[in-house]
Amino acid sequence: MSGNLEPKPRILEIEPYVGGLSDIKGHENVLKLSSNEAAIGPSPKALDAYKLYAGNLSRYPEGSARELRSTIGKVNNINIENIVCGAGSDELLQLICRAFSGPGDEVLFTEHSFLVYRIAALASGASPIAIPETNLCADVDKIINSISKSTRIIFLANPNNPTGSFLTRSELLRLWENIPKNVLLVVDTAYAEFVTHKDYDPAFKLVEKAENVVVTRTFSKAYALASLRVGWCYGSSQVIDVINRIRGPFNVSGAGMKASIAALLDSNHLSAAIELNSKWLEQFPREISGTGISCMPSVGNFILLKFPDDIEKNSKAAEKFLYSRGIILRNVESYGLSDCLRLTLGLDHEMETVALSLKEFMRS
Ligand SMILES: Cc1ncc(COP(=O)(O)O)c(C=O)c1O
């Protein structure tokens, strides 16, 4: 870097996060299935609460998110004193890194996991360590074997984005049992609401017995309030106290809190989102079976599609073909998955359009 201003060491190693595309030149109505927001959109009650809040915009919001934490506590049957809310779970992941790691420390995560873990580690001056997966799934033994004296944080996305895989309750417990007590295990459960598998554990009980476990959640995905930027985390009193010391005093907007509360209380809307998602998790792989595209098994609201190597049928060619139809899936090259695209599960007609287009692409 030229000039006199030098950022902290490691900051310039960060590749800025590039989100999925939102528009395609020449297409007025794009079909955007690339950012994992629930297909049915937010609860109408959340939208009403958001609009109703308009009269209060001149005032600072309540700084401890008490009402929102209280609702999260009631709905999930967890203690509100052990919850902190944030401007999306992104903010909380960054704060956790900043508070618990620094130069000389190692921050672990798995090979194809959420890009923010690496960014957060470097921003705090720590070394990011990507651990190989097995069959696109976190491998508990490989994580345990990668722990060193310098390890401070392990990020585990459960389920993982973009692979859609997850660790079962017993594997998660085995991971925790084998990490030193001075290492913080961050279980990022951004997609927890969608998971219907009986062996999945949202990890609240683990938080309640372990000082060194923190769970993060978001209103961006199943509640489809991504633009409002609201997330939360649940952790031991020690972890929560630390995050509260460094977070911004008004880090969650008033409108975001009110809409999130209304969304949480509309359990019928959430059930409808989950039901539609479960239907397409099952149906979509059948729709495109035999085409040569493989669907990675997923428990989230997205599916990783693996394309053949053939230059005419690979993920690049598929992406281009889909763009020509006004369809955007997530390019996951930056996740080290250049042979794949990630499809966010959409509404019935959207899923039918994508399935038809992919079949046509593979036949063309
Ligand atoms: C695994 C995972 N964690 C966290 C997030 C961040 O979500 P938000 O900051 O909107 O809460 C995402 C978003 O894509 C994600 O996929």
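In each ligand, atom 1 is the first atom listed, and ligand 1 is the first ligand listed.
Of the options Leu93, Val187, Thr189, a side chain to side chain contact (heavy atoms under 4.5 Å, CB included) to Thr216 is made by Leu93 and by none of the others.
The aromatic ring centres of Phe114 and Phe109 sit 6.0 Å or more apart.
Residues Arg174 and Asp141 have side chains in contact (heavy-atom distance under 4.5 Å, counting atoms from C-beta outward). A heavy-atom distance below 4.5 Å is found between the side chains of Asn76 and Trp232.
For atom 7 (O) of ligand 1, the closest non-hydrogen atom on the protein side is Ser89 OG, 3.4 Å. Counting protein heavy atoms only, atom 10 (O) of ligand 1 is closest to Ser220 OG, 2.6 Å. The closest protein non-hydrogen atom to atom 13 (C) of ligand 1 is Lys221 NZ, 3.0 Å. Distance from atom 12 (C) of ligand 1 to its nearest protein heavy atom, with residue and atom name: Phe114 CZ, 3.3 Å.
Ring pair Phe204/Tyr234 is perpendicular by interplanar angle, where above 60° counts as perpendicular and below 30° as parallel.
Close contacts of ligand 1 with Gly88, meaning ligand atoms under 4.0 Å from a residue heavy atom, involve 9 (O), 11 (O). Atoms of ligand 1 found under 4.0 Å from any heavy atom of Arg229, numbered from 1 in the order shown, are 8 (P), 9 (O), 10 (O). Atoms of ligand 1 lying under 4.0 Å from any heavy atom of Thr218, numbered from 1 in the order shown and given with element: 8 (P), 10 (O), 11 (O).
Distances shorter than 4.0 angstrom occur between a heavy atom of Asp188 and an atom of ligand 1.
Polar contact check, Tyr191 against ligand 1: a nitrogen or oxygen pair lies under 3.5 Å apart. Considering backbone and side-chain atoms alike, Asn161 places an N or O below 3.5 Å from some N or O of ligand 1.
Lys258 places no side-chain N or O within donor-acceptor distance of the main-chain N or O of Asp48, the cut-off being under 3.5 Å.
The local environment of NZ in Lys74 is sparse, with at most 12 non-hydrogen atoms from other residues, nucleotides or ligands closer than 6.0 Å.
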